[in-house]
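Encoded as C-alpha cells, the structure appears first; notes follow it.
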Amino acid sequence: MQVNENTNFEPVIVAFCCNWCSYAGADLSGTNRLNYPTNVKIIRVPCSCRVNPMFILRAFQRGADGVILCGCHPGDCHYTSGNYFTRRRITLLYSMLDFLGIERDRTRLEWVSAAEGAKFAATMQEFTDAVRKLGPNRRLEDLRCRKQ
Amino acid sequence: MLRIPVAKSDELFAAIASQQTLYLPADRKDGQAEYRKWEEGVKLSSRLNTVRSAKDFFFPQTENLAEFRMEGKKIEVIDIRKESEDFVIFGVRACDARSFTILDKVYLVDPVDTFYQTRREHGTVVTMACTRPAETCFCQTFGIDPTEPEGDVSCWSDGSYYYFRANTDKGQKFLDSLSSLLEDGDTAALEETKAKTKEILSKLPLAKVSTENFGGDKLNEYFRSEKWGELSESCLGCGTCTFVCPTCQCYDIRDFDTGHGIQRFRCWDSCMYSDFTKMAHGNPRLTQLERFRQRFMHKLVYFPANNNGEFGCVGCGRCLSKCPISMNIVKVMKALEEK
Amino acid sequence: MQEAMINKAKQLLADGTVNRVMGWKRGEFVYDITPAVFETAEEIDADFVCDDFTAANVSKYLVKESRKEGKILAFLKPCDTYSFNQLVKEHRIVRENVYVVGIPGGPKLDAEKIKAKGITGILCVKNENGTLKIDTLYGEETMPYYEAILGKCETCKSRKHVVYDELIGEEGEVITAEDSGRFDMVEKLENMTAQERYDFWREQLSKCIRCNACRNVCPACTCENCVFDNPASGISNKAAADSFEENMFHIIRAFHVAGRCTDCGECSRVCPQNIPLHLLNRKFIKDINAFYGEYQAGEDTTSRAPLNNYDKDDCEPSIVHERGVE
Amino acid sequence: MNKDTLIPYIGVVTDIRQDTPDVKTFRVVSPEGGKVFEHMPGQCAMLSIPGVGEGMFSITSSPTNKEYMEFSIKKCGCLTTWLHAMDVGQQITIRGPYGNHFPVETDLKGKDLLFIAGGIGLAPLRSVINYVRDKRENYGDIQIVYGSRSKDDLVDYQEIIDEWMKDDGIQVNLTIDNPQEGWDGHVGFVPNYVKELNPSLSKTVLICGPPIMIKFTLAGLKELGFTETQVYTTMELRMKCAVGKCGRCNIGNKYVCKDGPVFRFDQLGELPDEY
Amino acid sequence: MQRIGVFVCHCGTNIAATVDVKAVAEALGHEPGVVISREYQYMCSESGQNLVKDAIREHNLTGVVICSCSPRMHENTFRKAAAAAGLNPYLVEIANIREQCSWIHKDIASATEKAVILGKAAVAKVHLNAPLIAGESPVVKRALVIGGGIAGIQTALDIAEAGFDVDIVEKQPTIGGKMAQIDKTFPTLDCAACILTPKMVEASQNEKIHIYSFSEVTDVKGFVGNFTVTIKRKARYVDETKCTGCGLCTEKCPMKKVPNEFNMGLDNRTAIYIPFAQAVPKVATIDPNYCMMMKTGKCGVCSKVCSVGAIDYKQEDKFIEEKYGAIVVATGFNPINLDKYDEFAYNQCADVVTSLELERLMNAAGPNGGTLLRPSDKTHPHTIVFVQCVGSRCDDEKGKPYCSKICCMYTAKHAMLIREKYPDTEVYVFYIDVRTPGKNFDEFYRRAVEQYNVHYIKGMVGKVTPKSDGKIDVQASDLIANEQLHINADMVVLAAAIEPDKTARPLATMLTTQMDTNDFFTEAHPKLRPVESATAGIFLSGACQGPKDIPETVAQGSAAAAKAIGLLCKNSITCNPCVAHSNELMCNGCSACEKVCPYGAITYQDKEFRMPDRTTAIRRVASVNPAVCQGCGACTVACPSGAMDLNGFSNSQIMAEVDAICK
C-alpha cells in the first residue's frame with residue numbers, strides 16, 4: 001500500500017483489554033450499539049498486567065500505528081493488584097518511548113470498567129482520531145514488515 | 001609515481017564519486033572513525049583505523065538471501081539478489097586489505113558464495129599506507145608491511161601528496177579514469193616517510209609477536225593446552241572481538257516472518273555466543289572455554305591448516321582496544337607459547 | 001593502594017579465609033587490564049594490578065565464582081558494591097562465599113578518550129598534578145587529567161560502600177544527583193523536541209553492531225537464558241537486521257533492568273561504538289525517582305524493587321503526555 | 001547470476017511413512033517430477049520450512065533410485081515436529097547434496113561390509129545398503145547389525161524383513177534393548193551383540209547411531225582386532241550453511257558439512273574431541 | 001501442521017446484518033492450517049454445536065475458532081461442545097465479531113474486513129494453543145477458624161452445622177473475644193453475655209468443633225484445600241483435660257494483685273485464674289509472670305487444693321500440626337493505645353476511661369458489680385463527657401484515617417444507659433458527625449437525644465485537665481454555637497478508634513494474604529467477594545477485614561462459613577488450567593515473580609540441575625502452585641528471562657494475535 005501520508009490514512013490500532021473490566025466494557029459498548037472506528041482491534045488478556053512491553057513494541061514493529069491498553073480502574077483489579085503493576089510498567093515504558101522520540105499520542109493507557117461502555121467507545125474514537133492525525137508510524141516500524 | 005596534492009583531495013574524491021559510490025573513513029562526533037559514503041563535506045579521517053573493519057563492504061552484517069511466499073501447501077522461492085553497482089573503498093589499511101584475501105579463501109572457494117563474489121567484483125579497494133601505527137598494531141606478525149599495502153590500488157601519503165600505484169587491472173582502470181587529476185612526481189619525500197614509519201614499526205610494543213609457534217601442525221597440542229581455562233575465565237561471551245574483526249567470517253542464517261512472506265537472511269554470528277553451536281539435542285561447545293578456544297584455534301591453527309599456513313588474523317589490533325575485558329589474541333598467543 | 005590490596009589478598013589466602021582472589025590482571029599495555037581470579041600469592045605478586053585503568057566492575061563474575069567451592073575475596077569499588085548487593089538481593093550471588101573488601105573508587109581513566117585526542121602509540125600514562133603525561137611512540141604528549149576520566153566516573157553517584165566485610169581506606173559519602181550531575185544529560189534530552197530526541201537516538205543506536213557487550217557485561221543481565229538468545233521468546237534477534245531491532249533490543253534490555261540497574265555505567269564503558277547506553281538506564285532511574293520516590297538499586301538487599309511494587313496513588317501514564325515539549 | 005547454493009529448490013512430499021512412533025520417512029520429488037538432484041550414499045541435504053527452520057538430513061534413499069529421494073526423520077525439535085505434522089502434497093525447500101559420501105566406488109568396492117546401526121542411525125546407512133544391494137556384484141559379503149530400543153523403534157522394519165532379509169548374501173542381525181512380547185529375535189545392546197557375533201576381521205565397518213553406542217561398539221571392534229582404518233562413521237553437528245563457511249560444524253579444522261559427514265575413525269582420531 | 005476448523009455465526013441478523021458472514025468464512029478458509037470453514041445461523045444452538053462436533057470428528061480437528069459473540073457469553077458452551085467431541089476444550093478460541101464488530105459498525109465492507117482480521121487473529125492464536133488439563137487437588141474436609149470472638153464462633157458453628165470438622169484457635173484462655181466484655185448491645189440494649197455465652201457453650205459442646213484456646217498459629221504451609229498449619233499451644237500450667245473449672249484454686253491463690261485484663265485492668269485477679277465465670281473452656285490458667293511457685297518455687301497452693309491434680313508447673317508450649325481445607329481469619333480488633341493522647345489526660349487521670357473500660361465499669365460482672373462509680377474514688381459521677389472520634393478519621397500519625405464505625409452507636413448506648421439508670425447524671429457527647437446508618441440505628445440515636453436528653457454537642461474537645469478537687473475540666477468548642485466551653489466533669493469517656501489485632505500482620509504474611517495500609521485484611525473484591533481473601537481458601541470474618549458492629553460481624557461470619565462450606569463440600573478442586581508456569585531451565589531465581597504474585601502461588605526451591613559444563617549445580621528456581629495461581633500474568637512480565645509464561649495467554653499466543661492484527 002503506497003501510503004499517501006495523512007490522506008486516506010487508516011491507522012491500525014491494537015487495544016489490549018483486560019478480561020474482567022475493559023473487555024466487558026467493550027462488549028457493553030457493543031450491546032449499547034455505540035459506534036467506534038473499525039481501526040480498533042481488541043486483544044483479550046486476563047489482566048492488564050499480562051501485557052508485556054514486548055507486545056506493545058511488537059505491535060508497532062508489525063505495523064500498528066497506535067497501541068492502547070485498557071484495564072480495570074485502580075483498586076478494582078480482579079486480581080487485586082495487577083493494574084497497579086501495569087500502571088508502573090506502562091508509565092515507565094511510555095516515558096521511555098517518549099524519550100526515544102516516539103510520538104506520545106501513539107500510546108495510551110485508559111482505565112475502563114465493565115460499566116463504561118460509553119467511555120470505551122469514546123476513548124477509542126478519540127485515540128483513533130489522535131493517531132490518524134499523527135499519520136503512519138514511521139519511528140518505530142520495522143521496514144521489513146511494511147506492507148508493499 | 002602518480003600523485004595528487006593532499007590539498008586537492010576533495011577534487012579527487014568528487015571525481016571518484018562522480019563515477020561510482022565512494023566510501024572512506026570519516027570521523028564521527030565521538031572521535032572514532034567509520035566508513036561513510038563520500039559526499040561534499042566528508043573529510044578523510046586521520047585516525048589510524050575505523051572501529052568496524054572494511055569487511056562490511058563485502059560481507060555485510062546482515063543481508064537477505066531469499067524470500068519465500070507460502071500459500072496452502074505451496075512455497076514460492078524468490079531470488080532477491082540484485083546486480084550490485086560499482087563502488088570504491090578508499091583508505092583501507094594494509095591489515096584490512098589482507099583480510100579480503102583471507103575472506104576470499106572462505107567465500108570464493110567452491111561452492112562460491114555469489115553474494116560475496118558479486119560485491120568483490122564490483123568493489124575497487126584503494127589502500128592507504130600507514131604512517132602512525134599504534135601500540136596495538138601487530139600486522140608485521142602476519143607478514144604485512146603497512147607501508148606497502150595491497151589492494152587494487154595502493155596509496156601513500158607523505159603529508160603533502162597522495163601517491164598511487166595500481167596493483168590490478170581493476171586498479172589500473174581506476175587510476176586511468178582519474179588521469180586528468182593525477183600527475184607523475186618523484187617519491188623522495190614519500191620514501192623518507194616510509195623510512196620513518198618503518199623505524200616506528202620496529203619499536204612497536206608488539207613488534208616481536210611471532211607466529212612461529214603456531215600453525216596447522218599444532219592442532220592437538222594447543223587444543224589440549226591447560227591455558228584455556230585461565231584465558232577464557234573472564235571472557236564475557238560477547239561478540240565484540242568477532243564483530244570488529246576484519247577476518248571473522250562466521251554467520252547465521254535465519255528466517256524472518258514479515259507478515260507477508262518469509263525473509264531468509266544471514267547475519268554475522270560469533271563463535272563466542274553460547275547458542276552458536278546449539279542443536280535441538282545438545283551442544284558440542286557447552287562452556288565459554290570451548291567457545292573461546294574455538295575462536296583462537298580457528299585463527300591460529302585451523303585456518304592455517306586448511307590454507308597453506310596462512311593465519312586468520314591480520315594484526316589490526318581492533319580486538320585489543322575494543323574487548324570489554326581486554327582479552328585478546330596477543331595475550332592468547334603469549335600464554336599458549338609459555339610452557 | 002595496590003600494595004595494601006596485595007598484602008590483604010595474600011594474608012587472606014594464607015590464613016585460609018579465602019581460596020581465590022577476584023581482581024585485575026595487568027596486560028600488554030598500561031590500559032588493557034583483564035579481570036582475573038588469582039589462586040596463589042605468586043600469581044598475585046606477578047600480575048595483580050589496581051590503578052587508574054582498573055575500571056571493570058567484577059561483581060558479575062561473582063555470580064559464577066560464588067557458586068564454586070570455597071570462599072573468594074573480591075575487591076569492590078563503591079559502585080561495584082551496589083551491583084554486588086543487587087545480585088545478592090536477587091539470589092544470584094551466594095553472599096557467604098564472598099569476602100568483600102571495599103576499596104576506594106575512581107575516578108578511573110579511559111584510554112579511548114586519550115586516543116580520541118589523536119594521541120597514539122601510548123606506552124605509559126602518568127598523572128602529574130592534574131595533567132596526564134603520556135609517553136608515546138611519537139614522543140611525550142600531555143592532556144588535562146579530567147578530560148581523560150572515564151564517563152561513568154565523571155558522574156559518580158557514590159563513594160560509599162554499601163556492603164563489605166572489610167574496608168581499605170576510608171568510607172565515602174553518597175553523592176547527590178545535583179552534585180554528580182548524572183541526570184543532566186537525560187534532562188537535556190528531555191528538553192529537546194521529540195524529533196530531536198528521535199534523531200539523537202537514531203544516530204546513536206544505528207551505530208549498534210549487536211555485539212552484546214553491553215548485555216554481557218551488565219551485572220543486572222545475568223539471565224540463565226536471555227530472551228534475545230531464546231528463539232522461543234519470539235523476539236530473539238542476533239545481528240540487528242533493521243533499525244527496529246536496534247530499538248527493540250535496547251528498549252527491552254533497559255526495561256528488563258529497570259529498577260535493578262545500579263547505574264554502574266559498564267554498558268557505556270564497553271560499547272565499542274561509544275553509544276551512551278547508560279542514558280536509557282538513567283532515564284528509567286530518573287523517572288522512578290520522580291514518580292515513585294528516590295530509589296537506588298543495590299543500596300540494600302531487602303527493599304522492594306520499584307517495578308515489583310506499587311502505591312495506590314501512583315501517577316498515571318498520562319504524566320508522560322502532560323510533560324513539557326513534545 | 002548463477003544460482004547460489006544457499007538458495008534452495010522446491011521439493012514436494014509425495015509419500016509419508018510412519019516408521020516408528022517418532023520417525024517418519026518422507027519421499028520428496030521436484031515439482032516437475034523426478035529427483036531434485038543426484039547424490040551419493042552418505043550425502044545430505046538441507047531441508048527447510050521457511051519460517052520454521054532449516055536442517056541437515058541425510059538422504060536415506062539410494063542414488064540408484066531414480067525417481068525420488070527419501071529422508072527418515074526423527075521428531076526432536078521445532079522443524080522436525082513441523083515436518084512430522086505435514087500432509088502429503090506439502091512443499092518444502094531443499095538444497096544439496098552436501099558433504100562427502102561413503103567411498104562406495106573406491107575404498108569399499110570389493111570389500112565385505114559390516115553395517116552397524118542403532119535407532120535412527122540406520123537412516124544414513126540405508127542409502128549405502130540399498131546402493132550396495134543394487135550393485136551387488138561390486139561387493140563381498142554384507143552383514144547388517146541393527147538394534148533399537150524396541151521392535152517398534154526399528155526404522156524401516158518392513159523393508160528389512162521384506163527385502164533385505166530375503167536377499168542372498170545379506171545377513172541381517174536385529175536386536176532390541178529389552179525383551180518384548182512378540183519378539184523372538186535377539187535382545188541386548190548393539191555393542192555386545194556385535195561382540196557376540198564376532199564378525200570376520202576382513203570386513204569394513206560402517207557404523208552410525210547414538211554417540212554412546214558408537215563409542216562402545218568401536219571399543220568392542222578394537223577388542224576383536226579391527227583397526228580404526230577399517231571403520232567409517234557419519235557425523236552430525238550444528239549446521240547452517242552446509243558449505244563450510246558459516247563456521248559452526250568444525251571439528252578441529254574439518255567441517256562436518258563439507259569435509260564430512262563421513263569420516264574414517266583414524267581421521268577422527270587426529271581431530272580434537274569436540275563433537 | 002494444524003487442522004483448524006472455523007465456524008462463523010450469523011447470530012440471526014445480529015452479526016449477519018453488518019458482517020458478510022459468507023465472505024468471512026471464505027477468507028478464513030484460506031488461512032494456514034484451516035481445513036474447514038463454515039457459517040451457520042446460530043452456532044450456539046444445538047444444531048450449531050453439532051456442526052462443530054461433527055467437524056471435529058470428521059476432520060480430526062486440532063483447533064477450533066468460533067467467530068461469534070463475546071467469549072464472555074459462549075466460550076464455555078463451545079468448550080463443552082469441543083470436549084464432547086473429544087477435542088481438548090482449551091483448543092477453542094472465540095473471535096468476538098458481534099459485540100466488538102457487527103454491533104458497533106454500520107458499514108458492511110469495513111465491518112467484514114474487521115471480522116476477518118479478528119478471525120485471523122483467533123486462528124493465529126489457536127495455532128499455538130496447547131491442550132490444557134484442569135488439574136484437581138483434593139480438599140481436606142476440615143476448617144480452621146483463627147480467632148474465637150463472635151465472628152469466629154459464628155463461623156465455626158455454621159461450618160460445624162454443615163457437618164464439617166472445624167477448629168478454633170484462640171490466643172486467650174477463653175473464647176468470646178470483645179463481645180464477652182461488652183455490657184449491653186445496641187440498638188436493642190439486650191445483654192451481650194446473654195446472647196453470646198449460649199453460643200460459646202454451643203461451640204464447646206458441638207462435637208464437630210475443637211477449641212484450641214490459649215493457642216496461636218505459628219506457621220501455615222500449603223494452599224487451598226490443603227493447608228498445613230502449625231499451632232502453638234501455649235503452656236497454661238493446668239491440664240485442660242483434668243481441670244473441672246471448679247475455681248477453688250483461684251479462690252485460694254495467695255497472689256491476688258494481678259491486673260485483670262478482662263476488666264481492662266480496672267480490678268485485680270489471682271495468678272491462677274479463669275477470665276470470667278462463663279469462660280469456655282472453663283479451665284484455669286496460671287500466669288507465670290505472677291505465680292509465686294513459678295517465680296520463686298515457693299507456694300504450690302493451687303496444686304495442693306486441686307482435687308483432680310490438674311496443676312502442672314512444668315508444662316511447656318506444645319506445637320501441633322493439623323491439615324485444613326479452608327481457613328477463616330477472625331482475628332478481630334482492639335481499641336488503639338491512647339498513650340499519645342496527652343490532651344485527653346488518659347494516662348494522668350483514672351477517671352478518663354475508654355469506652356470499653358466503661359463497658360466493664362457498667363457491667364454487673366465488672367469491678368463495681370454494675371454500679372457506675374468513678375475508678376479513682378468510687379464515687380458516683382454526676383457529669384460525664386463523651387469524646388467521639390479519638391483516633392478515628394485522623395490525618396495525623398497518632399490516629400487512623402478511617403471511621404471506626406461503631407463508636408457513634410455505642411456512645412449513644414452508653415449515654416442512654418447512664419441517663420436511664422442515673423437520671424441525675426448529665427451526659428455530654430462531643431462529636432464531629434453522628435453516623436447512624438443501620439437498621440433502627442438513627443431512631444436509637446434520636447431516642448438518646450430526644451428522650452434521654454443527652455447533650456450532643458458538635459465540636460472538638462481541646463483539652464482534658466484533671467483538677468485538684470478530683471473534677472475534670474473539659475475544654476471544648478461548640479461549633480454550632482461557635483463558642484468555647486468548659487465542662488466540669490466527673491468522668492470522661494473516650495471513644496478510642498479500633499484497629500486490627502497486632503497478630504494479624506504476621507498472620508497475613510503466613511497466609512500470603514494481603515492487607516491494606518491499616519492492617520485490615522483485603523477482601524478479594526470489595527463488592528463481589530467481600531468475605532474471601534485474594535488467596536484461595538482463605539476467608540475473612542468480622543472486624544479483621546474492617547470495623548464492624550455485631551450484626552455485621554455475625555453476618556460476615558456466616559457468609560465466610562458459607563464460602564468455606566462451599567469449598568469443603570468438594571472432594572477436590574478443579575483448578576483453572578490457565579495458570580502461570582515456570583521454565584526451570586531459564587529461571588534465574590531472582591524472586592521478581594514472587595514479589596508481584598497476589599496469591600503467594602510462587603515458591604522457590606533449590607533444585608539440582610545438570611549444567612552446561614556437564615556438572616550438576618544447585619539452582620534456585622520458581623515453581624507455581626497451579627491450585628493457587630489465578631492466572632493474572634503479573635509474574636510473566638516481571639520475569640526478565642521469560643521463564644514465566646501463562647497457559648492460554650502465552651507470550652507467543654499474544655504476539656501471534658498482534659501479528660495477525662497488524663498484518
Side-chain angles (χ1 to χ4, degrees), chain B residues 28-32 34 46-48 51-52 61-64 132-137 200 203-206 209 230-231 233-244 251-252 254 256 263 265-270 272-275 278 318 320-328 330-331 334, chain C residues 24-25 27-37 43 53 56 58 60-61 64-65 111-113 115-118 120-123 136-138 203-204 207 209-218 225-226 229-231 236-242 245 266 269-276:
Chain B
R28 239 171 22 203
K29 278 182 203 154
D30 63 12
Q32 306 204 80
E34 66 181 1
S46 58
R47 294 284 310 242
L48 179 66
V51 179
R52 294 170 71 143
Q61 183 156 18
T62 57
E63 72 182 310
N64 290 335
R132 280 170 68 83
E135 72 278 10
T136 51
C137 292
I200 293 287
K203 288 196 288 190
L204 289 180
L206 303 181
V209 177
E230 192 187 321
L231 288 166
E233 104 195 317
S234 51
C235 177
L236 299 172
C238 75
T240 308
C241 51
T242 314
F243 288 2
V244 298
Y251 62 79
D252 194 0
R254 296 193 160 209
F256 178 79
Q263 264 180 10
F265 66 100
R266 75 164 158 205
C267 59
W268 293 353
D269 204 350
S270 174
M272 292 289 205
Y273 286 163
S274 56
D275 60 350
K278 204 156 145 190
R318 284 186 177 89
L320 275 71
S321 54
K322 287 302 179 188
C323 173
I325 52 110
S326 299
M327 179 44 67
N328 55 55
V330 172
K331 287 183 181 177
K334 289 191 173 179
Chain C
W24 301 268
K25 186 176 176 175
E28 294 294 320
F29 319 117
V30 61
Y31 56 78
D32 67 332
I33 286 156
T34 306
V37 175
E43 287 172 19
F53 289 100
V58 297
K60 187 176 184 178
Y61 290 108
K64 268 207 183 120
E65 289 297 331
E112 285 294 327
K113 283 195 171 176
K115 292 180 185 178
K117 287 267 171 193
T120 187
I122 301 165
L123 300 173
T136 79
L137 288 167
Y138 305 96
E203 185 188 337
Q204 294 298 342
K207 293 192 289 192
I209 56 171
R210 278 308 303 279
C211 64
N212 290 320
C214 50
R215 180 193 71 184
N216 290 15
V217 80
C218 176
N225 189 353
C226 176
D229 289 346
N230 175 13
S236 71
N237 59 30
K238 209 162 219 171
D242 185 273
E245 285 193 350
E266 285 286 272
R269 180 180 72 82
V270 302
C271 178
Q273 291 282 51
N274 290 352
I275 304 172

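We name chains A, B, ... by the order of the sequence lines, and we start the count at 1 in each one. This structure is a prediction, so every number in the text was calculated from the model and none was measured.
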Main-chain N/O of [Y] paired with [X] side-chain donor or acceptor, under 3.5 Å:
| X | Y | result |
| --- | --- | --- |
| B:Gln32 | C:Pro272 | yes |
| B:Gln61 | C:Ala239 | no |
| B:Glu135 | C:Leu123 | no |

Do you see a donor-acceptor pair shorter than 3.5 Å between the side chains of C:Thr34 and B:Lys331? yes
Of the backbone (N, CA, C, O) and the side chain (C-beta and beyond), which part of [X] lies under 4.5 Å from a heavy atom of chain C, both, or neither?
| X | answer |
| --- | --- |
| B:Asn64 | neither |
| B:Tyr273 | side chain |
| B:Glu230 | side chain |
| B:Ser46 | neither |
| B:Ser270 | neither |
| B:Ser326 | both |
| B:Arg28 | side chain |
| B:Asp30 | both |
| B:Ser321 | both |

Could you walk me through whether B:Val51 and C:Lys207 pass the side chain to side chain contact (heavy atoms under 4.5 Å, CB included) test, one step at a time? CA-CA 10 Å; B:Val51 179; C:Lys207 293 192 289 192; over 6 Å; no
Under a 4.5 Å cut-off applied to non-hydrogen side-chain atoms, are C:Asp32 and B:Asn328 in contact? yes
Non-hydrogen side-chain atoms of C:Lys25 and B:Met327 separated by less than 4.5 Å: no
Pairs of heavy atoms under 4.5 Å with chain C: top-ranked of B:Val330, B:Leu48, B:Leu206, B:Leu320: B:Leu206
Let's test your reading of the structure: which of C:Lys113, C:Lys60, C:Arg210 forms the most heavy-atom pairs below 4.5 Å with chain B? C:Arg210
Max heavy-atom pairs within cutoff under 4.5 Å with chain B, candidates C:Val217, C:Asn225, C:Asn237, goes to C:Val217
Interface moiety of [X] toward chain B, non-hydrogen atoms closer than 4.5 Å:
| X | answer |
| --- | --- |
| C:Glu266 | neither |
| C:Arg215 | neither |
| C:Ile122 | both |
| C:Ala56 | neither |
| C:Lys115 | both |

Salt bridge between C:Glu28 and B:Lys334, side-chain N to carboxylate O under 4.0 Å? yes
Please enumerate all residues that pass salt bridge (charged side-chain N to carboxylate O under 4.0 Å, His left out) together with C:Asp242, with sequence neighbours excluded. none
Nearest 0.5 Å, what's the CE-CG distance between B:Met272 and C:Asn216? 11.0 Å
Side chain to side chain contact (heavy atoms under 4.5 Å, CB included), that's the test. Do B:Lys322 and C:Glu112 meet it? Break it down for me. CA-CA 9 Å; B:Lys322 287 302 179 188; C:Glu112 285 294 327; 3.6 Å; yes
Does the pair B:Ile325 and C:Trp24 meet the rule for a side chain to side chain contact (heavy atoms under 4.5 Å, CB included), with working shown? CA-CA 10 Å; B:Ile325 52 110; C:Trp24 301 268; over 6 Å; no
Assess the residue pair B:Arg254 and C:Ser236 against the criterion (side chain to side chain contact (heavy atoms under 4.5 Å, CB included)); give the C-alpha distance rounded to whole Å, side-chain angles, the decisive distance to 0.1 Å, and a yes or no. CA-CA 11 Å; B:Arg254 296 193 160 209; C:Ser236 71; 3.6 Å; yes
